[in-house]
Each structure stands twice: as structure tokens, then as C-alpha cells.
A.B. asks: 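Next up is a structure, given as C-alpha cells.
Proteins come first, then strands; the chains are lettered A, B, ... in the order of their sequence lines, and each starts at number 1.
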Amino acid sequence: MFESFTIPDPRQLVALRHRVRRFIDDEIAAGRFRRGVNSWMTWNRPFSERCAAAGFVGMTLPETYGGHGRSFLERHVVVEELLAAGAPLASHWIADRQSGPQILRHGTESVRRRLLPEIAAGRCSFAIGMSEPDVGSDLASVKTRGEPVEGGFRLYGTKLWTSNADKADWLIALCRTAPATENRHAGLTQVLVDLKRDGVTVRPVGTIAGETDFCEVHFDSYFVPHEEVLGEAGQGWALVMQELVSERSGPDRFLSTYSLLATALEQGVVGDDRTRDVGRAVVMLGALQSMSLAVAASVASGGSAETEAVMVKDAGTTFEQDLPEIIRRASSLRPARSGDGLAEMLGLSVLYSPSFSLRGGTREILRSIVARGVGMR
Amino acid sequence: MSEALEAACRSLERLLERGGDADTLAAELDEAGIYDVLLLDEGAFAMGGALARVAARDMKAPPLGDTLVVRWLLADPGRRLEGPTPALAFAGTPPSARLQRRGRDFALDGSLRNVPWTGDTIATVLALEGVPHLVLVSRLAKPVRTWLNLAGEVRATVEFSGSETVSALPLPSHIFLDRPFLVAAYLRAAELLGAMETAFSLTCRYSGERRQFGRPIAQFQAVQHMLARMAVTLGMVRVAVRKAGDMLDIGDGAVAIASAKALASAAAQEVAAIAHQVHGAIGFTEEYPLGHATRRLWAWRDDYGNEEFWSQAVGAAALYWRRDLWEKVVDGDERADRDLRRILAAVEFCP
């Protein structure tokens, strides 16, 4: 519970932050993006490629695979700066945060050589194939099955809530390749899926926020060659748990609505009589940033921070949901779904807010994980 | 540094475990050098916060923070007074007390509020001709009005007649006027953390032992989620207090201290409420230890500025920083601290 965690000296990270801020300033000056909320869901492939050219994608991948051999902490700081700027990260987001590291850990050498340099160049996008129509929190019950055939597996089944699968190049799917035993986690396998090949179809799903970033992915005899299996067949549960740690350890879980606060302050829409509300929000922002950085430092030095990462996500998503309410009540803005100003940013934040405590692990599951982590389960 | 810190915490725990009366304990802590940790060359404030937190976990020992501040301000061992360490108090903004020269002596007028009353000497910090001074007052002339805070600690409103015994020493030049108040607030945040940790560990233990409907109540999901919320809040305060100590050891630490104290004060209610809710009626009794921890939480959260005061200051800073908010929060730049201190000097505060 953070007892032995150190918080990195902020002065040692400032030079790196300045590098990212200069890149962002140039991008904004050239009119190449506008600050937004939920910006890690905003798709902009050209931005991802320029971001990669600046050295900010695939940072922790080894240089031999096209990465930059930088530390997990350095990557964390860069991502913090990009998110705080409301930059559109979606097209490299999942690949950079979890799929690339997963392939590095568990992919065959030919897959690593083929895909990792493309990920580091911002040219190869990934989606997460975990949830299904009947499977959300209870991930071990996945029904997508991989039937053993000559040379590999054939996939049958459906994944759901797969963010940006309609735009991504690849997907990592969790499927069942052997029947469950007494251990319901046995018999699961993670496989790579090339979304351009035969046997896989993607259908976008509209959300109340008016976007179609959710998707349904249907497998009908999609062929996975052995070399595109991750790790060993049957070891999928351990692999997917590792992937989830990557997914949960980052700074995205408190910065999704930060652009709202930044823009509200910039435009001076908060009344002086609401100073305390802003203060409370800024105090929380600082606390979450410190906690998140401490988790990153622990992971970077080889420590385990699973419970702490989940704690940050729980507190962080609450903050992300509170922020639109704070801004709405502290200003006279009417949230809108048209236009492109602060009112629209506020409107989008309100509409997206239920999703923050659902994606990447629902809050109730996270709290059970925390309870276990403090010895109460 | 952290090994030395660990060792110091363990040795303080052992001293506290021995128990004994307040005077004996104070003498032992003094002899062990614990009262002088803020005078260390390196990591003094991280150490001070860690020790104040450990002391606050113990529900019988008096809080350590104020003593550490006074010793730090006294610094020179030759300046020390006989007898117990003076009680620490502040005059607020605008200051409710004023220091004046009277020939070669000093005099005070005005008053001090919420003084931890020991019946002995009071220490405060006041400016004289623009120079911050440590002021020691004893032999009060006017009667003192005392009351009990929720933790059962005696507090007093002290009025000065001009005829008290007053000595005043300029603070070392590296200690600016508001630094003692910031340090006191930081240590109180560390003490709130300690009391929260006691409430949390009592709650974990109780919920694992108390059985209803054939099982420990910790097995009910509702209870697990309450414990999880407590744990997350505790983790947040822990990190914030650590950061404040780190930043104090580097520079002013004003932004980090404001955040730590605002969080700790706000967290006190949630932690106390959940602790009592899980404990049921037994936690509400005088003889069960929980109430000692929660009453300290309810009392200490309002000392040295509560969540309203510090949120007001941070909010004013944010409204001033506007688009620079992010970098002011994350860069650890001392200009952010100077901005906040300038704002603090204008926020009304009544101890």
C-alpha cells in the first residue's frame, strides 16, 4: 500500500517533460491537433507517426526491435505530458501501452521482428480482444474458442467492446483452446489476429457519447498459425494478467478529463466564489499524479505494484468522473453535443463519464482486488 | 536515507511500547535525539514526518510534531529552556498578536487562539521590523480561557496584557516567516496519517475476527469494498505526506504541503466513518481503542488549516496559473511554491 514506494525527484524528470512540451507546442502551432478530453481514444494515425518519429512511441522496446530502450518511468512521464496536453493518442495507444510489451515478452522471434518495429514507428495499431457479449469481469469464462488444427488454431466466437477494432491492424485475443479442468484458468491461450485477413469481421458499435469507438469482432474459422500464438498454448491466463498490469499501471486513469480543467482555467470560466472547488480538484490531481508516478517508479525498478496500480485506477476514475461535475457547477456552461468549444468538451466528458469506471476493469472488481491486496480476502 | 529512517522509526516504536508516564517518555525521546531530527543535515523533514506519524499511531503518546518544530526553531542548544518544550501556537492571517520592542526587552499585545495549553511557556512566530522572530512567552498576566477539543486535548485562548515575560530571537535567515507554519501543517498531516493507520489496522483486524451469519464479516463484499475505499484513501494520504516531506527537504514544499494537509484533513472523516461503520457498536465505546484514534482525527484535521483553507489557497494558485497549471503541479519548480506562499499570505486564517 505504497509503504515502501519512493516518489521520483521531479527535478530529474523536467528535461524530458520539456522535450515533450516542445513537440506539443510545435504540433499545436502548426494546427495539427486540438486539445481534447478522452484523447487516448481520439484516432489520428499521422499524429502517432510524428509522435513516434519524435521518439515517444515504443520507448521501452529494445533498440534492436526499433524501440528506444528507455525505462518504464521515462515512458510514463512522456505519456503524462501527452495526455495532459489532450493529444490524440488512440492509433498507437494500445500497441504502445500493452500489446507491444506483450509481444516482446511472449511473441515468437519472427513476430517480434515483424511487428515491434512497426509499433515503434506508430504504423501498427492494436486492439484488445478480451471482453465478449457474455463475458466482462469474469474473463476466465471466455467462449471464443481456438480449435486445434494442423499448423495452428481456428478461431470461432465473438469479442465485444473492442475499442477501435474497426481502425486497428491487429488484435490480441484471449480464447479457450482446451477444456477447463478444476482450474477454470487452464486451457486459455492468447493469440494474435490480423484484422485484414479472412475469417474476421468487425462491426462498429455506437455509444451514448455519439462515437463508434466500441466494436464487435466476429471470428469465423480465422486461422492462427502457431508462430502467431503468444507464449504457450494453455498459458493464456497468466499472460492476460500480465497484459492487464500493463493496462492498469499508466497515467491514463486520471487524466481523461484533465483537458476540461485546463481549458476552463485558460478561458477563465470559473467564478472566484468557486476557488475552493478548483483547489480540491487540483489537490486530487497532484495526489493522483504522485501515486501514479510512484507506481511507475516501482515497476521500472522491477517491483510489483499490482494492488497499488489498481488503487490509482479506482481513485483516478472517480476523479475523472468528478471533474465534469465540478466544472459544470463552478461555471455557467451548458454541456452541448455540438460546436467545438468548452461546452462541447464538457458535454463529451459528461457522456463519457460512465465508461471511466467500466473499462479496463470495473470499479467493483477493482475494489475486490484491493481488498485482497490488503489481506481481507 | 531510508534505512536510517526505518531504524529511527523502529527505535521510536520501541520507546513508545515501553510506556511510562509522559515526563519519563519525553526524557527518553529527548535523549534518543528524536526531538532534534529537524536539525539533521539531510532528509530532516522526511525523518520528522515519519517519526510524527509513528508517534501518532500510538494512542497514548502526545503528538510529536509541535515539539519537533519548536526544537527546530530554538536550534541552538544554548537557547533551550529548562523544563518541558514550549507549546506551539501561530497568530494566523492577519496576525492576532503583535511583537513590540520595549527598550531592551519585548512585549506582546493581542491574543493567540487554539494554543495547546500546558500552563507553561508558549512559542510562536511573529515578525518584528520585517524580521521573523521566535517568541517565547511565559508568566501570563491575564486569565486563560481553556476548552477541550474532541481528542480531549486542552486548548486555550491567550490574551496578552503587555506584562508577560517575553523573549524574542530572530529566526535563522534561511527560515522565512511562514515556514514554521508550513512545517507544522506538514507534521500534523503526518500525524493524521498515523491516526488513520491505527483506525485502519483496527478495522482490518476486527472485520477478520468478528463473525456474523457464520463467517467473518470481512467476507461480505460490502465490507470488503468499504475496506478497499479506506485503503485507497490511506494510500493517497501516505503518498502525499511523503511527497511533502521530500519537497520540504529540497525547498519550500508549499504546494506539496498544502496538498498533503488538504487531503489528510478531508480523508479524516471518510476513514473515521468507515472504521466506525465496520466496527458496529463496540467501536463506539469508550473502552475500545478505536475512539482514541477517531477523536484525534476529528480534532487534528482542523489544526494548522483544514481542507477548506488549503483548498482555497491551492485554488487561488490554480486560477492564477491557468494554462500553466500542469507544469506547476508536476515540475517541482520552486516558483510554484513562491506563488502559493504569496497567495497564502493573503488568505485569511484564524487558528
Side-chain angles (χ1 to χ4, degrees), chain A residues 1-7 9-11 13-14 17 21 77 80-81 84-85 258 261-263 265-268 270 272 274-291 293-294 307-308 310-312 314-315 318 364 366-377, chain B residues 2 6 200 204 207-208 216 218-219 221 223-240 242-243 246-247 250-251 255-256 258-263 266 307-333:
Chain A
M1 260 170 59
F2 290 102
E3 182 55 23
S4 57
F5 282 51
T6 53
I7 306 160
D9 186 335
R11 299 171 301 180
L13 304 171
V14 166
R17 293 187 188 279
R21 290 173 196 166
V77 168
E80 265 190 356
E81 290 297 321
Y258 174 72
L261 177 60
T263 310
L265 288 175
E266 211 168 307
Q267 295 186 7
V270 175
D272 278 343
R274 308 309 295 251
T275 303
R276 256 170 233 201
D277 297 325
V278 171
R280 256 178 249 128
V282 172
V283 165
M284 189 59 69
L285 176 74
L288 289 164
Q289 194 263 340
S290 295
M291 287 168 97
L293 200 64
T307 304
E308 286 80 3
V310 167
M311 286 176 152
V312 180
D314 183 15
T318 300
E364 287 64 34
L366 298 184
R367 286 186 177 169
S368 294
I369 293 174
V370 171
R372 188 176 58 221
V374 301
M376 296 318 304
R377 266 175 79 207
Chain B
S2 86
E6 280 273 337
F200 180 69
C204 284
S207 62
Q219 283 185 14
Q221 198 178 59
V223 175
Q224 283 172 11
H225 285 194
M226 290 160 81
L227 289 166
R229 276 168 44 217
M230 236 179 146
V232 173
T233 297
L234 208 71
M236 190 177 296
V237 176
R238 200 171 260 171
V239 170
R242 181 164 308 142
K243 171 123 183 139
D246 289 348
M247 296 308 287
I250 292 173
V255 173
S259 304
K261 186 57 170 55
L263 271 168
E307 62 268 44
E308 295 299 292
F309 170 76
W310 292 106
S311 297
Q312 177 73 20
V314 172
L319 290 173
Y320 170 72
W321 290 329
R322 292 171 65 145
R323 70 192 345 232
D324 292 339
L325 175 65
W326 173 254
E327 56 193 63
K328 295 294 182 189
V329 170
V330 307
D331 285 359
D333 185 346

A.B. asks: Among Gly279(A), Ala315(A), Ala262(A), which residue has the highest count of heavy-atom pairs closer than 4.5 Å to chain B?
C.D. replies: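 Of Gly279(A), Ala315(A), Ala262(A), Gly279(A) has the most heavy-atom pairs under 4.5 Å with chain B.
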A.B. asks: Considering only heavy atoms, which portion of Leu13(A) lies under 4.5 Å from any heavy atom of chain B: side chain, backbone, both, or neither?
C.D. replies: neither
A.B. asks: Quick one: what part of Leu288(A) sits under 4.5 Å from any heavy atom of chain B, side chain, backbone, both or neither?
C.D. replies: side chain
A.B. asks: Would you say the side chain of Lys243(B) lies within less than 4.5 Å of the side chain of Pro10(A), judging by non-hydrogen atoms?
C.D. replies: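 Counting from C-beta outward, Pro10(A) and Lys243(B) do come under 4.5 Å.
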A.B. asks: Which answer fits Leu261(A), side chain, backbone, both or neither, if we ask what part of it has an atom under 4.5 Å from a heavy atom of chain B?
C.D. replies: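 Just the side chain, heavy atoms under 4.5 Å.
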A.B. asks: Name the region of Asp277(A), side chain, backbone, both or neither, that has any atom closer than 4.5 Å to a heavy atom of chain B.
C.D. replies: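 Neither part.
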A.B. asks: Checking Arg242(B) side chain against Phe2(A) main chain: does a donor-acceptor pair fall under 3.5 Å?
C.D. replies: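 Judged by distance alone, yes, a pair lies under 3.5 Å.
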A.B. asks: Using heavy-atom distances under 4.5 Å, tell me whether Phe5(A) contacts chain B through its side chain, its backbone, both, or neither.
C.D. replies: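 Looking at Phe5(A), backbone and side chain both touch chain B.
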A.B. asks: If I take atom CG from residue Asp9(A) and atom CD1 from residue Ile250(B), how far apart are they, to the nearest 0.5 angstrom?
C.D. replies: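 Reported to 0.5 Å precision, the distance equals 4.0 Å.
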A.B. asks: Quick one: of Arg274(A), Met311(A), Glu266(A), who has the most non-hydrogen atom pairs under 4.5 Å with chain B?
C.D. replies: Glu266(A)
A.B. asks: Given side chains that start at C-beta, do those of Gln224(B) and Arg367(A) come closer than 4.5 Å, heavy atoms only?
C.D. replies: no
A.B. asks: Would you say Arg17(A)'s side chain and Glu327(B)'s backbone share a donor-acceptor pair under 3.5 angstrom?
C.D. replies: no
A.B. asks: For the interface with chain A, which of Ala231(B), Ala256(B), Gly332(B), Pro216(B) has the highest count of heavy-atom pairs at distances below 4.5 Å?
C.D. replies: Ala231(B)
A.B. asks: So do the side chains of Leu263(B) and Met284(A) get within less than 4.5 Å of each other, counting heavy atoms only?
C.D. replies: yes
A.B. asks: Among Ala281(A), Ala294(A), Ala287(A), Ser290(A), which residue has the highest count of heavy-atom pairs closer than 4.5 Å to chain B?
C.D. replies: Ser290(A)
A.B. asks: Could you pull out all residues at least two apart from Ala316(B) that satisfy side-chain contact (heavy atoms from CB on, under 4.5 Å)?
C.D. replies: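 Partners of Ala316(B) under the side-chain contact (heavy atoms from CB on, under 4.5 Å) test: Thr275(A), Ile343(B).
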A.B. asks: Taking Arg322(B) for its side chain and Leu265(A) for its backbone only, find out whether a donor-acceptor pair lies under 3.5 Å.
C.D. replies: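 Present.
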A.B. asks: Do you know the tightest heavy-atom contact between Ala318(B) and Val278(A)?
C.D. replies: CB-CG1, 3.8 Å
A.B. asks: Could you look at Met247(B) and say if it's the side chain, the backbone, both or neither that has a heavy atom under 4.5 Å from chain A?
C.D. replies: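 Contact with chain A: side chain only.
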A.B. asks: Using 0.5 Å steps for rounding, measure from the CD atom of Glu364(A) to the NE2 atom of His225(B).
C.D. replies: 6.5 Å
A.B. asks: Counting heavy-atom pairs closer than 4.5 Å to chain B, which one of Ala84(A), Ser4(A), Gly286(A) comes out on top?
C.D. replies: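 Of Ala84(A), Ser4(A), Gly286(A), Ala84(A) has the most heavy-atom pairs under 4.5 Å with chain B.
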A.B. asks: What part of Leu227(B) lies closer than 4.5 angstrom to a heavy atom of chain A: side chain, backbone, both or neither?
C.D. replies: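 The answer is the side chain of Leu227(B).
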A.B. asks: What are the two closest heavy atoms between Met291(A) and Gly235(B), and how far apart are they?
C.D. replies: CE-C, 4.1 Å
A.B. asks: Salt bridge (charged side-chain N to carboxylate O under 4.0 Å, His left out): which pairs involve residues 226-238 of chain B, sequence neighbours left out?
C.D. replies: Glu3(A)-Arg238(B), Glu197(B)-Arg238(B), Arg229(B)-Glu270(B)
A.B. asks: Any idea which of Ala258(B), Ala317(B), Gly315(B) has the most non-hydrogen atom pairs under 4.5 angstrom with chain A?
C.D. replies: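 Max contact count across the listed options: Gly315(B).
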A.B. asks: With a 4.5 angstrom heavy-atom cut-off, is it the side chain or the backbone of Asp331(B) that approaches chain A, or both, or neither?
C.D. replies: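 Looking at Asp331(B), backbone and side chain both touch chain A.
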A.B. asks: Can you say whether Phe309(B) sits under 4.5 Å from chain A via the side chain, the backbone, both, or neither, judging by heavy atoms?
C.D. replies: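 For Phe309(B), neither part sits under 4.5 Å from chain A.
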A.B. asks: Against chain A, label Gln219(B) side chain, backbone, both or neither, depending on which of its atoms sit under 4.5 Å from a heavy atom there.
C.D. replies: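 It is neither, since no heavy atom gets under 4.5 Å.
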A.B. asks: Under 4.5 Å, counting heavy-atom pairs only, tell me which of Asp333(B), Leu234(B), Val237(B), Val232(B) racks up the most with chain A.
C.D. replies: Val232(B)
A.B. asks: In Å, rounded to the nearest 0.5 Å, how long is the span from CZ of Arg21(A) to CH2 of Trp326(B)?
C.D. replies: 8.5 Å
A.B. asks: Any side-chain heavy-atom pair from Ser259(B) and Val283(A) closer than 4.5 angstrom?
C.D. replies: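 Side-chain contact under 4.5 Å: yes.
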A.B. asks: If you measure from the Lys or Arg side-chain nitrogens to the Asp or Glu carboxylate oxygens, is any gap between Arg280(A) and Glu307(B) under 4.0 Å?
C.D. replies: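 Salt bridge: no.
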